[in-house]
Amino acid sequence: MKIGIDKIGFYAPDLYVDMRELASARGIEPDKFTIGIGQEKMAIAPITQDTVTLAANAALNILDDSDKKKIDLVIFGTESGIDQSKSAAVYVHELLGLDSAARAFEIKQACYGATAGIQMAKGHIALNPDSKVLVLASDIARYGLNSPGESTQGAGAVAIVMSANPRILALEDKSAYFTSDIMDFWRPAYSDTAFVDGKFSNEQYSLFFETVWKQYRSKSGLGFEDFEALCFHVPYTKMGLKALKPVLEVEAKEMDQQRLLENYQKSIQYNKVVGNIYTGSLYLSLLSLLEHKEGLKEGSRIGLFSYGSGAVGEFFTGIVQPEYQNQLKIAQHVDQLSVRKKISIEEYETLFVEELPIDGSTVKLAIENDSAPICLSGISDNKRQYINKQR
Ligand code: CAA
């Protein structure tokens with residue numbers, strides 16, 4: 001039985017910062033951000049969007065009534081969750097009106113969380129072929145104003161419906177994974193910004209890619225010539241390329257290098273203008289490939305490299321399905337990104353330090369300023385209040 005991705009959608013908040021303006025404000029040559037890092041725009045979440053609402057908005061774009069009835073498992077991958085106890089999956093389950101005969105929980109291993117969710121969903125569907133699983137990957141990446149990681153922030157979510165006989169990508173069984181206890185990036189519970197050893201994280205990311213690729217190659221007997229495209233976890237769009245190029249140069253023929261490098265460019269178009277969305281980054285890259293590469297042939301193999309600092313890496317693969325183009329919402333995604341509002345660096349800095357009360361007091365937020373259908377409308381009694389404007 002084929003199991004894999006039947007639907008995929010994303011949501012990014014309706015505000016962004018231009019990376020050239022951020023560079024100028026920080027006294028940095030703009031080309032460093034646009035060429036050296038490879039980012040053009042960075043999505044900024046207003047206070048009315050958190051990881052719950054970003055994910056719910058992403059899912060709202062792809063679910064129909066039949067999905068809502070069949071989804072019996074909701075897995076939420078995040079590393080910027082809003083509660084140490086209650087899972088974001090339960091809030092989204094309610095906001096979307098999913099059937100109550102469902103499991104719902106949150107899962108964490110830095111940017112690897114959603115990949116763990118996808119592998120778990122695969123097992124669930126193998127045992128329950130009629131069920132559908134909603135996998136959510138949602139994050140707000142925050143390193144801090146004026147920090148070295150500032151240019152690699154972002155906000156957004158990807159929602160994936162997994163099923164049997166998927167119409168986009170059937171996942172193959174062979175997969176290679178690797179875990180090592182390192183401190184390249186982490187966020188203690190008391191901090192709302194991440195700690196990172198930037199150079200070390202880059203080295204480890206590349207090392208993990210090389211390790212899982214070699215492990216996959218020997219498990220599967222396949223090589224780069226067997227892949228139409230490779231998608232990467234993309235904290236910034238130069239990152240995947242930095243890991244891929246040295247391995248390609250040693251192992252791949254010229255024509256395979258050319259195809260994989262060209263398709264890498266197709267896979268980063270959305271990431272370039274959204275920024276780092278942590279758990280969702282790999283899947284935003286997959287969506288970018290599917291929606292920017294014209295005429296991917298049925299049966300093409302796509303490789304996916306997932307990396308979650310701390311660290312776990314995995315390389316797995318999927319086969320493009322004949323109807324995949326009918327499942328995409330290209331016009332909606334282009335429109336969603338093009339109507340976003342650019343904010344000044346001063347406005348971004350104000351939003352960055354805006355906080356919800358932590359003393360139990362009540363706050364009502366101005367949701368009319370947020371174009372998203374699902375918003376955080378306030379907080380009362382230490383409970384976040386959400387609203388789905390479409391209900
Ligand atoms: N024109 C063109 N390019 C320029 C330039 C200019 N004027 N000035 C500098 N550059 C280039 C540099 O040559 C460099 O290119 P290479 O990487 O090809 O050598 C690039 O711009 C970046 O320059 P630096 O390395 O000097 O940048 P930096 O010291 O400011 O740090 C960073 C960059 C380490 C990515 C930092 O932004 C950071 O710490 N980010 C967060 C950590 C991160 O994203 N790590 C990735 C792996 S970990 C992960 O994947 C998990 C996750 O999501 C967090």
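Atoms within each ligand, like the ligands themselves, are counted from 1 in listed order. One is the number of the first residue; the rest follow in order along the sequence. Please read these numbers as outputs of a predicted model, since none were measured by experiment.
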Is the Tyr143-Tyr236 ring centre distance short of 6.0 angstrom?
-> no

Nearest heavy atom to atom 50 (O) of ligand 1, choosing from Glu79, His233, Glu150, belongs to His233

Numbered in order shown, the ligand 1 atoms found under 4.0 Å of a heavy atom of Ser309 are 48 (S), 49 (C), 51 (C)

When only distance counts, is Tyr236 in polar contact with ligand 1, meaning an N/O pair under 3.5 Å?
-> no

Considering only heavy atoms of Tyr205, which atoms of ligand 1 have at least one such atom less than 4.0 Å away?
-> 50 (O)

Aromatic ring proximity, centroids under 6.0 angstrom, Phe208 and Tyr112 = no

Near Ser201 (heavy-atom distance under 4.0 Å), the atoms of ligand 1 are 42 (C), 43 (C), 45 (N), 46 (C), 47 (C), 48 (S)

Check: Lys242 N/O within less than 3.5 Å of ligand 1 N/O | yes

Short N/O distance, under 3.5 Å, between Pro148 and ligand 1?
-> yes

Mark the output for Lys238 as yes if a heavy-atom distance to ligand 1 is under 4.0 Å, and as no if none is.
-> yes

May I ask you to list the atoms of ligand 1 that are less than 4.0 angstrom from any heavy atom of Val196?
-> 42 (C)

Is there any N or O on Thr152 that sits under 3.5 Å from an N or O of ligand 1?
-> yes

For Gly149, the ligand 1 atoms with a heavy-atom partner under 4.0 Å come out as 37 (O), 38 (C), 40 (N)

Would you say Gln204 contacts ligand 1, with heavy atoms under 4.0 Å as the rule?
-> no

Report yes if Tyr278 has an N/O atom closer than 3.5 Å to an N/O atom of ligand 1; otherwise report no.
-> no

Does one hydrophobic cluster hold both Ile140 and Leu95, with members joined at side-chain heavy-atom distances below 4.5 Å?
-> no

When you look at NZ of Lys389, are more than 12 heavy atoms from neighbouring residues, nucleotides or ligands closer to it than 6.0 Å?
-> yes

What class does the angle between the rings of Phe316 and Tyr283 fall in, given that below 30° is parallel, 30 to 60° is tilted and above 60° is perpendicular?
-> tilted

Parallel, tilted or perpendicular, as decided by the 30° and 60° cut-offs, for the rings of Trp213 and Phe209 = parallel

Tyr143 heavy atoms, cut-off 4.0 Å: which ligand 1 atoms fall inside?
-> 41 (C), 42 (C), 54 (C)

The atoms of ligand 1 lying under 4.0 Å from a heavy atom of Glu29, numbered in the order shown, are 7 (N)

